[in-house]
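Here's the structure, in structure tokens; my notes come after.
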2 protein chains.
Amino acid sequence: MTETHPAPARFPVTVDVVALTVRDGGLNVLLITRLIDPFRGRLALPGGFILAGEELLEAAGRELAEETGVGHHPGHLEQLGSYGPKGRDPRGDVLTVAHLLLAPDFPVLAAGSDAEHAAWYPVRHVLNGDLQLAFDHERILTDAVERAKSKLEYSPLAAAFCGDEFTIAQLRAVYEAVWGTRLDPRNFHRKATGTPDFLQDTGRMTTGDAGRPAALFRLAAAARPAAGQPTRAVLNPPLMRPRD
Amino acid sequence: MTETHPAPARFPVTVDVVALTVRDGGLNVLLITRLIDPFRGRLALPGGFILAGEELLEAAGRELAEETGVGHHPGHLEQLGSYGPKGRDPRGDVLTVAHLLLAPDFPVLAAGSDAEHAAWYPVRHVLNGDLQLAFDHERILTDAVERAKSKLEYSPLAAAFCGDEFTIAQLRAVYEAVWGTRLDPRNFHRKATGTPDFLQDTGRMTTGDAGRPAALFRLAAAARPAAGQPTRAVLNPPLMRPRD
DNA sequence: GCAAAAGTGTTGGGGGTACACCCATGT
DNA sequence: ACATGGGTGTACCCCCAACACTTTTGC
């Protein structure tokens, strides 16, 4: 924040949201189909220009709500990082602040004909190159996935992918989908239930599924993210992902 | 990157740099004394407006060079996060992208009378409240220190605080200063030298100090950060900091 | 010789992996 | 009865904390 004498350059600033969820055993990302140039018809991350008087996280939440129809975003929203401003938009320099949302598999708004259509897409189809994204959104997605992978190791954020109540097996499925690995169900159960300040037993059980009913848990109060506070590292030692 | 119909708001964008080093056994931060309002006479992070055509990291490196006299920055520079734009500058909405520099203890330029004076200050004096910073720079510093602490656990970035060649004890002093703890010299030695792809023995030794001479190491080629690439997690399992 | 710092050996324990085994439900 | 998934017990092993001990310098 030094004063430099030349007039400060002003930049258009956008917020983009990488919304991730677990679906069909894999990691999925919410993408919209662009209706206008540049990159018309191409898939892109939801996002848009920040408005005067808005904070970054507010703007990200608003853009997400506008394009998915979710009243207020479920799950965990945090800042990922900023990109640009040079050479990422053919129309000129635009700075974007990317955000990361980890959420349960919520239904997206069925867009009308004049709105951009938002839907879930498997992350691997994008990173394989089967689906091409607009702008530098593939790079942003890559960074987002890497952030999500490492966050699961030490934070309780895996629960953000589940609903309010979940079984140990559902929680394990999150780790397996994000990391792309298999975890031993028995050892995972011990680690998850044995970690203090992580899970709280609701006393209720699943019913109707095949096999023995499973206990339902929710996030312990101590592990729930306080608004704006950094997520506590409750998993210590961390739950380590198998080496690649 | 959705197109919204209202004209996109444009914001002045600054880059700030949290330059950290280890000095006198403690973590220090590079601060400038502001010569103009707002916050005239107050300490602040070095930084300034991003120029048209610049990338974020470029701008951060330039601002640092301008205010410290270092030709090109030593150590490791990375993006920390963005803050704002609302309510952090009394003159209006300004978005800032904070950066983190981990560097050896380099001498800062002795500023002339018309330049802002840059110098090292112990981080604990700032976070104690003994020194007050301008804008929201204390919050940014807090985030930067937390990022530095956690990066040391799994990345080889502690070496960024040392010069090109260093002893195991100097490397340990970095961990102790950043984490604010004491580590067992013997166990640290084994962990550091035993980790593959971390340290490379130069074959040379220190001389002249008290006690037995120590072997000099440098960062192994595999651990050196490739430009723009994410830092590899060479320390696996991580070097764990003692619980607070 | 003595202090100081570098570096090695050894031992005990916590937590991880691997896997055998038992439990409770749907069909 | 059988399949399916939930949950527990246990053996082994690696790595870390703790600390005794040796090595090599300066004074």
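Predicted, not measured: the structure shown is a model, and the values here were computed from it. Residue numbers begin at 1 in each chain, while the letters A, B, ... track the order of the sequences.
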field: Partners passing side-chain contact (heavy atoms from CB on, under 4.5 Å) against B/A65 (at least two apart in sequence or in another chain)
entry: none
How many whole angstroms separate atom [atom1] of [X] from atom [atom2] of [N]?
| X | N | atom1 | atom2 | result |
| --- | --- | --- | --- | --- |
| B/H189 | C/dG9 | NE2 | C1' | 14 Å |
| B/L239 | D/dC16 | CG | C1' | 10 Å |
| B/E153 | D/dC15 | CD | C1' | 16 Å |
| B/I168 | C/dT8 | CD1 | C1' | 14 Å |
| A/L199 | D/dG6 | CG | P | 15 Å |
| A/D201 | D/dG6 | CG | C1' | 13 Å |

- request: Could you name each residue pair satisfying salt bridge (Lys or Arg N to Asp or Glu O under 4.0 Å) that touches residues 174-188 of chain B, not counting sequence neighbours?
  value: B/R172-B/E176, B/E176-B/R182, B/D184-B/R186
message: On DNA chain C, does the nearest nucleotide to B/R172 precede the nearest nucleotide to A/K191 from the 5' side, or the other way round? Give the residue.
response: B/R172
query: With A/N28, which residues qualify under side-chain hydrogen bond (donor to acceptor under 3.5 Å, both in side chains), at least two apart?
result: none
query: Do the rings of A/W179 and A/Y175 sit parallel, tilted or perpendicular, given the 30° and 60° boundaries?
result: perpendicular
query: Tell me, for nucleotides 18-27 of chain C in 5' to 3' order, what letter each nucleotide earns: B for a base near a protein heavy atom under 4.0 Å, S for only sugar-phosphate near one, - for neither?
result: BBB--BBBS-
For residues 207-221 of chain A, dump all side-chain donor-acceptor pairs below 3.5 Å to protein atoms at least two apart in sequence or in another chain.
from: A/R218; atom 1: NH2; to: A/E165; atom 2: OE2; distance (Å): 3.0

Shortest side-chain distance from B/A169, nucleotide among C/dA6, C/dG7, D/dG7: C/dA6
All N/O donor-acceptor pairs, side-chain side in residues 119-131 of chain B, below 3.5 Å, sequence neighbours left out:
from: B/W120; atom 1: NE1; to: B/D105; atom 2: OD1; distance (Å): 3.4
from: B/W120; atom 1: NE1; to: B/F106; atom 2: O; distance (Å): 3.0
from: B/N128; atom 1: ND2; to: B/R124; atom 2: O; distance (Å): 3.3

